[in-house]
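Remember, predicted model here, so these are calculated numbers, not experimental data.
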Amino acid sequence: GSMTNCSVKDCNFEVYNSLNTCILHCNKRHYSCGDETEEVFKEFYEKLEILTNTSFDNSNYKFASDFDSLPIEEIVPLELEKIHFPLFRGEDADPEYNYFNILERFKVIHFTKCHIYSFNFFLKQVHYNFYICSFKSTFVVEPFLVPENIYPHSMFLQCEFVEGVEIYPTENYKDFTQTVFLYCGFGYGIDINGIEFNNLLIDNETFYGDIPKENFDCKFNTLNIHNSLLNEDLILNTLDINELYISKSKLNAKLELKSSKVKDLNIFDSNFFGIFDCNGSSFESFIIEKSTFDNFVIFENVVFGIENKYDELDENNKVIRHHQAKFIHDTFQNNLSFRGAVFNSGLNIEKINYHTDFKPNFHKAFIKLDNTDRESFRIIKKSFEESGNNIDANYYFYKEMNAYKKELKWRNDFWTKLVVVINWTISRFGQNYWLPIGWLLLSITIYTRLKHDQNKIYEFFSKHIYFNFPSLEE
């Protein structure tokens with residue numbers, strides 16, 4: 001039969017097998033569904049070699065060594081579009097069909113709308129970047145050289161990662177100097193361990209011509225940063241995140257997590273030197289432990305927890321999922337603001353340390369009494385007292401005493417609890433002036449009634465109770 005050409009625009013290769021695209025542009029198998037055959041790699045290699053050779057009629061651009069005399073910005077890049085790069089493993093095919101050998105001949109490559117089935121893609125000494133590419137399997141990102149003259153400057157621009165992304169050090173490197181992900185989408189999430197970032201990890205803010213911000217949807221399932229150092233801002237505004245974990249890490253710039261929805265936030269043993277701003281976000285489960293904050297910390301208008309939901313326990317009373325907002329052994333060296341925050345499932349700040357010059361600000365916050373301990377209410381009361389706000393201080397004194405009433409047990413603290421309960425019953429701990437007036441009126445009414453009916457009462461007792469009962473008048 002006559003040969004049909006590939007259906008991809010400007011591609012003159014014939015179709016592969018019975019597909020309507022050539023070997024370069026056809027779908028490849030995902031590595032978990034079995035391996036490609038050696039024939040596929042051989043064919044792919046040969047066609048890629050022809051394509052790259054014909055892309056450069058000028059023989060000067062054949063090999064990387066030919067570029068050494070040219071400044072990098074003058075080098076014409078190799079443009080590769082819509083190619084599906086299979087996962088090449090040594091055991092699948094003869095190493096001589098490894099297409100990386102072809103790619104590494106070039107000094108500058110732009111990958112556009114390509115599909116990467118491999119779980120890493122590292123080209124030595126080549127400057128390259130990925131634009132609108134799709135990564136089909138869990139992908140390990142290593143820092144590579146990005147072409148100088150592309151704008152905006154980032155490793156991955158508008159790319160989609162179908163599975164997880166992993167970033168961890170290899171023997172070659174442990175730091176990133178380029179912006180890594182610009183307007184990218186993540187099917188699963190990012191796992192980072194032991195890396196130093198000297199540029200932005202994620203950038204969804206830099207506006208540039210092609211992408212109106214509204215059309216862009218960045219979803220994370222998880223972002224897990226462990227044992228890492230971030231020297232540039234970490235900006236995670238207006239995102240939906242299932243799990244955000246930061247542990248044993250150091251952030252030298254600001255962390256912004258504004259107007260985002262986060263299911264679980266867990267920060268452990270980390271240091272924040274820049275502003276930490278979570279204005280207007282919501283957290284279903286929230287715990288920060290053994291961490292220090294040197295700059296402003298802002299939780300204004302944040303919603304913590306879920307209404308009427310408290311910590312979920314297993315059968316051994318161990319917490320499976322926290323809903324109470326917990327700050328445990330954290331140190332705040334600067335302003336800490338919870339203005340307008342809502343704590344639906346209670347709050348625990350009993351073990352925080354804060355600088356004496358900076359009181360936590362709880363102005364117009366709402367804190368659920370259940371599941372909040374007395375010490376947390378005392379700290380809040382004290383912060384209002386010291387800023388001269390006696391009305392709110394009184395309100396939190398009431399909440400503190402209420403929590404104290406709950407803490408006391410009849411069995412162990414009978415007399416103390418009795419005094420506290422009487423105090424609560426008579427005047428709601430001095431917060432309610434109508435109650436004592438009510439009690440006074442009630443007792444006057446009862447006394448007057450008794451006085452009025454004293455003879456009837458006397459008769460009743462002398463008839464039914466056989467002992468000498470003197471009249472009230474004597």
Side-chain angles (χ1 to χ4, degrees), residues 303-311 323-325 338-350 359-465 467-474:
V303 178
F304 294 92
I306 301 173
E307 266 186 82
N308 303 321
K309 215 169 186 186
Y310 303 118
D311 291 3
H323 288 296
Q324 180 196 49
F338 291 101
R339 189 196 308 255
V342 175
F343 297 88
N344 281 321
S345 309
L347 167 66
N348 182 342
I349 49 169
E350 148 183 38
K359 310 292 169 292
N361 179 352
F362 281 91
H363 186 65
K364 293 203 164 156
F366 165 78
I367 300 158
K368 200 65 175 268
L369 175 63
D370 308 336
N371 217 25
T372 302
D373 57 283
R374 172 167 61 120
E375 179 61 15
S376 296
F377 282 130
R378 189 194 66 75
I379 291 170
I380 299 169
K381 176 193 75 176
K382 191 161 164 273
S383 77
F384 281 121
E385 281 172 356
E386 290 175 3
S387 61
N389 179 342
N390 294 322
I391 294 173
D392 285 327
N394 279 338
Y395 175 67
Y396 281 100
F397 165 74
Y398 167 69
K399 288 204 157 194
E400 177 192 1
M401 291 301 290
N402 232 327
Y404 182 45
K405 177 167 76 83
K406 284 190 153 171
E407 272 174 29
L408 293 168
K409 297 284 172 273
W410 285 111
R411 190 184 297 166
N412 307 333
D413 325 284
F414 181 82
W415 294 107
T416 317
K417 177 132 183 164
L418 185 64
V419 170
V420 171
V421 167
I422 288 170
N423 187 347
W424 181 80
T425 311
I426 289 173
S427 70
R428 295 292 186 267
F429 306 121
Q431 299 303 297
N432 189 325
Y433 296 116
W434 293 108
L435 262 179
I437 294 172
W439 285 115
L440 181 65
L441 291 172
L442 183 67
S443 49
I444 290 172
T445 312
I446 291 171
Y447 176 76
T448 328
R449 185 81 202 170
L450 285 173
K451 193 100 178 93
H452 180 259
D453 291 346
Q454 62 179 16
N455 290 331
K456 286 182 187 163
I457 294 167
Y458 174 70
E459 277 169 26
F460 172 82
F461 274 105
S462 44
K463 263 188 201 150
H464 295 89
I465 298 169
F467 62 80
N468 190 15
F469 188 74
S471 134
L472 289 173
E473 299 204 314
E474 279 174 16

### Task
Tell me, please, which residues at least two apart from Lys368 pass salt bridge (charged side-chain N to carboxylate O under 4.0 Å, His left out).
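Lys368: no salt bridge (charged side-chain N to carboxylate O under 4.0 Å, His left out) contacts found.
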
### Query
Residues in salt bridge (charged side-chain N to carboxylate O under 4.0 Å, His left out) with Lys309, at least two apart?
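Salt bridge (charged side-chain N to carboxylate O under 4.0 Å, His left out) list for Lys309, sorted by chain: Glu312.
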
Find the distance between [atom1] ([X]) and [atom2] ([Y]) and round it off to the nearest 0.5 Å.
X      : Y      : atom1 : atom2 : answer
Asn402 : Phe397 : CG    : CZ    : 10.5 Å
Leu441 : Thr445 : CG    : OG1   : 6.0 Å
Ile379 : Leu347 : CD1   : CG    : 9.0 Å
Lys399 : Ile380 : NZ    : CD1   : 8.5 Å
Leu442 : Ile437 : CG    : CD1   : 13.5 Å

What's the shortest heavy-atom distance between [X] and [Y], and which atoms?
X      : Y      : result
Gly305 : Ser345 : CA-OG, 3.4 Å
Ala365 : Tyr396 : O-OH, 3.5 Å
Asn344 : Glu307 : OD1-CG, 3.4 Å
Gln324 : Asn371 : NE2-O, 2.6 Å
Ala393 : Lys381 : O-CG, 3.5 Å

Using the side-chain contact (heavy atoms from CB on, under 4.5 Å) criterion, which residues pair with [X]? Sequence neighbours excluded.
X      : value
Asn389 : His363, Phe384, Ser387, Ile391, Asp392
Lys364 : none
Ala341 : Phe304, Phe338, Phe343
Asp373 : Asn348, Glu350, Glu375, Ser376

### Query
Has the side chain of Ser383 got a donor or acceptor atom that lies under 3.5 Å from a matching backbone atom of Lys359?
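Not at all, since once roles are kept as given, no pair shorter than 3.5 Å links the two residues.
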
